[in-house]
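Input: a single structure, listed below in structure tokens.
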Amino acid sequence: MMKVCKAVFPAAGLGTRFLPATKAQPKEMLPLVDKPIIQYGVEEALAAGCNQIIMVTGRGKTAIEDHFDHSFELERILEEKGKKDLLKVVRQISDMIHVAYVRQKEALGLGHAVLTARELVGDAPFAVLLADDVIDAEEPVLKQMMRVFEEKQCSVIATQIVEGPAISAYGVIDAKAASSNGRLYQVYNMVEKPALKDAPSNLAIIGRYILTPTVFDVLTQIQAGAGGELQLTDALKLLLKQEKMYAYVYEGKRHDTGDKLGFLKATIEFALKRDDLGGPMREYLRGLKLN
Ligand code: G1P
């Protein structure tokens, strides 16, 4: 049985939607409350059993590498000041994972980013997590998907129902129900960012994938697609000609933190869930005179 140990994080995007905040700082490092966005994804990958993390980065992304590395100065200062709790938090991050980094030299699209990780992934199935999609779930979404992978032994993608014109911001699948609980679908086709009238369903692809290594071969065959970029969706569509694929309607709430409003909503919801901040935050929100 194939096991999934590696998780790829495409993190080379320029983050133009968050300028000027992202001028000198990677968007993946923007904090949701007090944790950088990408750390939520890394923790999810670990919880799903992926202990080898591969980050596809680019210029201006060294803060990500520093974040997952030891910080001798900071650790020494915290130690000297006896701030044991903070020291633990800081050490946990660097002790958490084994990370390999590879650079995507040109921003040619998500498909190209995944292909850049080919040598580090090798010939085994692997996960891809788009860190912008932060999913709050009782059981981490990638872990939910691992169960499907273990049973089906083929690629599995995460999906969510999106109604109306908003569907055009996603990859959309054409699929048939494959379980009685409405969560599992077999995928037959897919299209990246279709107009509403061309969307084959209301099932949008969300940024969690478990893929077989065959995807690397098809990634070398695709042409630029939606937005002039090499799209992962186009490669997966080709992969369907060779292998079965399933889509899983996960349990959990997804926040699109790549979008300003989505980022703000996630910040508020995550703060409300915190033991230390939930009460005062709730009180503050109640006191706002909204009309
Ligand atoms: C990417 C994928 C798209 C998917 C989306 C989920 O698009 O290309 O298929 O639906 O992530 O977040 P992006 O949001 O990077 O444009």
Side-chain angles (χ1 to χ4, degrees), residues 7-48 50 53 55-57 60-69 71 74 85-86 88-97 99 110 127-144 158 160 162 166 169-170 204 206-209 250-286 288:
V8 175
F9 287 78
L14 294 176
T16 44
R17 281 198 276 181
F18 276 90
L19 281 170
T22 48
K23 187 180 169 205
Q25 179 189 213
K27 65 170 177 168
E28 294 79 7
M29 290 301 295
L30 295 177
L32 284 183
V33 186
D34 52 10
K35 205 192 278 182
I37 287 174
I38 195 155
Q39 195 177 328
Y40 289 89
V42 167
E43 287 176 1
E44 183 181 327
L46 286 177
C50 297
I53 304 293
M55 302 258 179
V56 181
T57 66
K61 299 282 184 170
T62 45
I64 299 178
E65 298 185 29
D66 289 341
H67 183 71
F68 291 106
D69 195 0
S71 173
L74 179 62
D85 287 354
L86 283 177
K88 199 172 149 205
V89 168
V90 166
R91 284 207 174 129
Q92 258 168 1
I93 300 165
S94 46
D95 290 345
M96 197 156 63
I97 48 167
V99 208
L110 179 58
V128 176
L129 293 94
L130 308 186
D132 278 0
D133 287 333
V134 174
I135 311 176
D136 189 18
E138 217 153 279
E139 182 185 23
V141 171
L142 193 62
K143 200 169 172 195
Q144 298 176 31
Q160 172 194 308
V162 172
Y170 299 88
I206 301 302
R208 299 288 183 278
Y209 308 76
Y250 57 85
E251 279 180 74
K253 181 164 186 190
R254 171 223 181 209
H255 297 280
D256 179 7
T257 66
D259 168 75
K260 276 180 209 163
L261 188 58
F263 177 85
L264 292 170
K265 287 180 183 170
T267 303
I268 292 170
E269 289 199 28
F270 278 53
L272 285 171
K273 287 188 134 197
R274 287 264 297 242
D275 290 343
D276 54 345
L277 298 169
M281 185 72 175
R282 197 162 277 112
E283 207 172 299
Y284 167 72
L285 291 173
R286 273 205 203 98
L288 286 178

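- Applying the salt bridge (charged side-chain N to carboxylate O under 4.0 Å, His left out) criterion to K265, with sequence neighbours excluded, gives no partner residue.
- Counting all heavy atoms, side chain and backbone alike, A11 lies closest to I64 at CB-CD1, 4.1 Å.
- Taking each heavy atom of Y250 and A158 in turn, the nearest pair found is CD2-CB, 4.0 Å.
- Between L142 and C50, the closest heavy-atom pair is CD2-SG, 4.2 Å.
- Scanning for salt bridge (charged side-chain N to carboxylate O under 4.0 Å, His left out) contacts around K35 gives E43, with sequence neighbours left out.
- Counting only residues at least two apart or on different chains, the side-chain hydrogen bond (donor to acceptor under 3.5 Å, both in side chains) pairs with a member in residues 10-28 are K27-D132, E28-K61.
- Residues passing the salt bridge (charged side-chain N to carboxylate O under 4.0 Å, His left out) test with D275, sequence neighbours excluded: none.
- Side-chain atoms of R254 never come within 3.5 Å of backbone atoms of G207 as a donor-acceptor pair (strictly under, hydrogens ignored).
- Residues R208 and L130 share a closest heavy-atom pair of NH1-O, 3.3 Å.
- Here the straight-line distance linking atom OG1 of T257 with atom CZ of F270 works out to 9.0 Å at 0.5 Å rounding.
- Across all their heavy atoms, E44 and I135 have their closest contact at OE1-O, 4.4 Å.
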(request) Might you work through the side chain to side chain contact (heavy atoms under 4.5 Å, CB included) test for H255 and L32, ending with a clear yes or no? (result) CA-CA 11 Å; H255 297 280; L32 284 183; over 6 Å; no
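- Side-chain atoms of E251 do not come within 3.5 Å of backbone N or O of E138 as any donor-acceptor pair.
- Annotation: D95, atom CG; neighbour count of heavy atoms from other residues, nucleotides and ligands within 6.0 Å is above 12.
- Between the CD atom in E269 and the OG1 atom in T267 there is a gap of 10.0 Å [rounded to 0.5 Å].
- Separation of atoms CD1 (I53) and CG (L46) is listed at 5.0 Å; rounding is to 0.5 Å.
- Note that NE2 of H67 is 9.0 Å distant from CD1 of I38, once rounded to the nearest 0.5 Å.
- How far CD1 of I206 is from CG of D133: 5.5 Å, rounded to the nearest 0.5 Å.
- Residues F263 and P31 share a closest heavy-atom pair of CZ-O, 3.4 Å.
- Annotation: salt bridge (charged side-chain N to carboxylate O under 4.0 Å, His left out) contacts of R91 (sequence neighbours excluded): E75, E79.
- Considering CG of L129 and OH of Y40, their distance stands at 15.5 Å, rounded to 0.5 Å.
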Contacts table for residues 276-285: side-chain donor-acceptor under 3.5 angstrom, sequence neighbours left out:
| unit_1 | atom_1 | unit_2 | atom_2 | d |
| --- | --- | --- | --- | --- |
| D276 | OD1 | R274 | NE | 2.9 |
| D276 | OD2 | R274 | NH2 | 3.0 |

